[in-house]
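These numbers come from the heavy atoms of this one structure, side chains and all, not from hydrogens, waters or symmetry mates. Counting from 1, the numbers follow the sequence of the chain as shown. In listed order, ligands and their atoms are each counted from 1.
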Amino acid sequence: MEVIIKANAEEASREATAFLVRQCRNKPDSVLGLATGSTPVGLYCQLVALVQNGQLDLSQVTTFNLDEYCGLAADHPQSYAAFMRRHLFDHIRVRAWHIPDGLACDIPLHCAQYEADIAKAGGIDLQLLGLGGNGHIGFNEPGSSLQSRTRLKMLNAHTVAANARFFDLPDEVPRRVLTMGVGTILEARHCLVLATGLQKADAVAGMVEGPLCADLPASALQWHPHCTLIVDEEAASRLKRQEEYRWAYNNKPAWQHPG
Ligand code: GLP
C-alpha cells in the first residue's frame with residue numbers, strides 16, 4: 001500500500017483529485033467507484049471546476065457508488081443519490097451513474113443486479129473510498145465478512161452517531177443500508193482511500209499497520225495489489241512508520257506521480 005501524507009486536508013484532496021484526473025485522461029471510458037461523506041466533497045468540487053473549465057472530460061465515464069441508506073427515496077435530501085447530484089451530477093455529465101436504490105423492493109435481487117452491472121461495465125478501474133472512524137469502508141461495519149458482496153447491512157451505533165450531523169434529529173438516521181461488500185471493493189483495480197482529520201487517526205493506523213482483520217474492515221486493503229492511501233498530517237499522526245512513507249513518496253520517480 002502506498003501511503004501519501006500531505007500537510008492538510010486541502011492538499012490531500014488535491015492529490016486525490018490528481019489520481020482521478022490521471023485515470024480518466026489515460027482511459028476516458030473509465031469505470032469509477034465513488035464515495036460519499038464529507039471527505040470527498042472538496043475533490044468533487046475540483047472535478048466539477050476542471051470539467052467546467054474544459055480541462056477534463058468525464059462524458060464517457062461510468063460510475064458506481066458504494067452505498068445508500070435504505071428507506072430514503074433518491075430525492076430525499078440526505079440520500080446519497082441526492083448527495084451525488086448536489087456535489088457532482090447536477091454539474092457535470094457522465095455516461096452513466098449508478099447508486100444502490102434505497103427503496104428497492106427485492107433487496108437481494110437488486111444487490112445481485114448491482115454486482116452484475118459492475119461486471120457488465122468491465123469492473124471498477126478506480127474505487128474512491130473514505131474511511132469511517134471505526135474503520136469501515138462503504139458501510140461495511142466492523143465484523144463484516146472480508147469476502148462480502150453488495151448487500152443489506154445494519155449500521156452500528158458509532159456510525160449512526162457519526163452520521164447524525166447530516167440529519168435534523170439523530171432518530172432520523174436510517175439504521176439499514178445497502179453497501180458494496182468488502183469483496184466487491186477488493187475487486188476494483190485500484191483503490192484510492194482519502195482520510196483527513198484527527199478523528200480518523202486510529203482507523204488509519206489500524207488500516208495500514210494493524211492486523212488484517214474483519215474488526216477493522218479497511219485493513220482488508222492490505223490484501224489489495226494496488227491501494228493508495230492519501231492522508232493529512234492529523235490522520236497520519238498515529239502511524240508508526242510515517243518517516244518511511246514520506247521517504248518513499250519523496251523518492252518516487254516523477255513518472256509515477258499523477259500530477
Ligand atoms: C459514511 C459512508 C462512507 C464514508 C464515511 C466517512 O459512513 N458510508 O463511505 O467513508 O461515512 O464519512 P466522512 O467522510 O464524512 O468522515
Legend entry - Within reach of ligand 1, part of T39 (heavy-atom separation under 4.0 Å): both

Legend entry - Protein contact of atom 8 (N) of ligand 1 - nearest heavy atom, named by residue and atom, plus distance: D67 OD2, 2.8 Å

Inset, instruction - Determine whether any heavy atom of R165 lies closer than 4.0 Å to an atom of ligand 1. - result: yes

Inset, instruction - Measure the distance from atom 6 (C) of ligand 1 to every protein heavy atom, then report the residue, atom name and distance (to 0.1 Å) of the closest one. - result: L131 O, 3.6 Å

Inset, instruction - Using heavy-atom distances, let me know which of A203, S38, G133, G138 sits nearest atom 9 (O) of ligand 1. - result: G138

Inset, instruction - Indicate if L32 and L186 have the same hydrophobic cluster label, given that clusters are the connected sets of ILVMFWY residues with side-chain heavy-atom separations under 4.5 angstrom. - result: no

Legend entry - Close side-chain approach of F64 and Q127, heavy atoms under 4.5 Å: no

Legend entry - Aromatic ring pairing Y80/F83, orientation class (parallel under 30°, perpendicular over 60°, tilted between): perpendicular

Inset, instruction - Report the nearest protein non-hydrogen atom to atom 12 (O) of ligand 1: residue, atom name, distance rounded to 0.1 Å. - result: G37 CA, 3.9 Å

Inset, instruction - Examine the proximity of ligand 1 to M180 and report which part, side chain or backbone, both or neither, has a heavy atom under 4.0 Å away. - result: neither

Legend entry - Common cluster, F19/Y245, ILVMFWY with side-chain heavy-atom separation under 4.5 Å: no

Inset, instruction - Could you tell me if any non-hydrogen atom of Q199 lies under 4.0 Å from any atom of ligand 1? - result: no

Inset, instruction - Could you list which atoms of ligand 1 come closer than 4.0 Å to a heavy atom of G130? - result: 10 (O)

Legend entry - I137 with L155, same ILVMFWY side-chain cluster at under 4.5 Å: no

Inset, instruction - Kindly assign one of parallel, tilted or perpendicular to the pair H110 and Y114, based on the angle between their ring planes and the thresholds 30° and 60°. - result: tilted

Legend entry - Ion pair check, E243 and R246, cut-off under 4.0 Å: yes

Inset, instruction - Report the relative orientation of the aromatic rings in F167 and H76; use parallel for angles under 30°, tilted for 30 to 60°, perpendicular for over 60°. - result: tilted

Legend entry - Atom indices of ligand 1, in the order listed, that fall short of 4.0 Å to a heavy atom of F139: 1 (C), 7 (O), 8 (N)

Legend entry - Nearest neighbour in protein (non-hydrogen) for atom 1 (C) of ligand 1: Y80 OH, 3.6 Å

Legend entry - Partner of I124 under side chain to side chain contact (heavy atoms under 4.5 Å, CB included), chosen from R189, M180, E187: M180

Inset, instruction - Answer side chain, backbone, both or neither: which part of F83 comes under 4.0 Å from ligand 1, heavy atoms only. - result: neither

Legend entry - Region of I137 that comes within reach of ligand 1 [heavy atoms, distance under 4.0 Å]: neither

Legend entry - N163: numbered ligand 1 atoms lying under 4.0 Å from its heavy atoms: 1 (C), 7 (O)

Legend entry - Within-cut-off N or O pair, K200 and ligand 1, under 3.5 Å: yes

Inset, instruction - Please say whether more than 12 non-hydrogen atoms of neighbouring residues, nucleotides or ligands are located less than 6.0 Å from CZ in R86. - result: yes

Legend entry - Test of ring centre spacing under 6.0 Å for F166 and Y69: no

Inset, instruction - If you have a sec, work out which protein heavy atom is nearest atom 4 (C) of ligand 1 and how many Å separate them, to one decimal? - result: T36 O, 4.0 Å

Legend entry - Residue and atom name of the nearest protein heavy atom (relative to atom 11 (O) of ligand 1), distance in Å to one decimal: H136 NE2, 4.0 Å

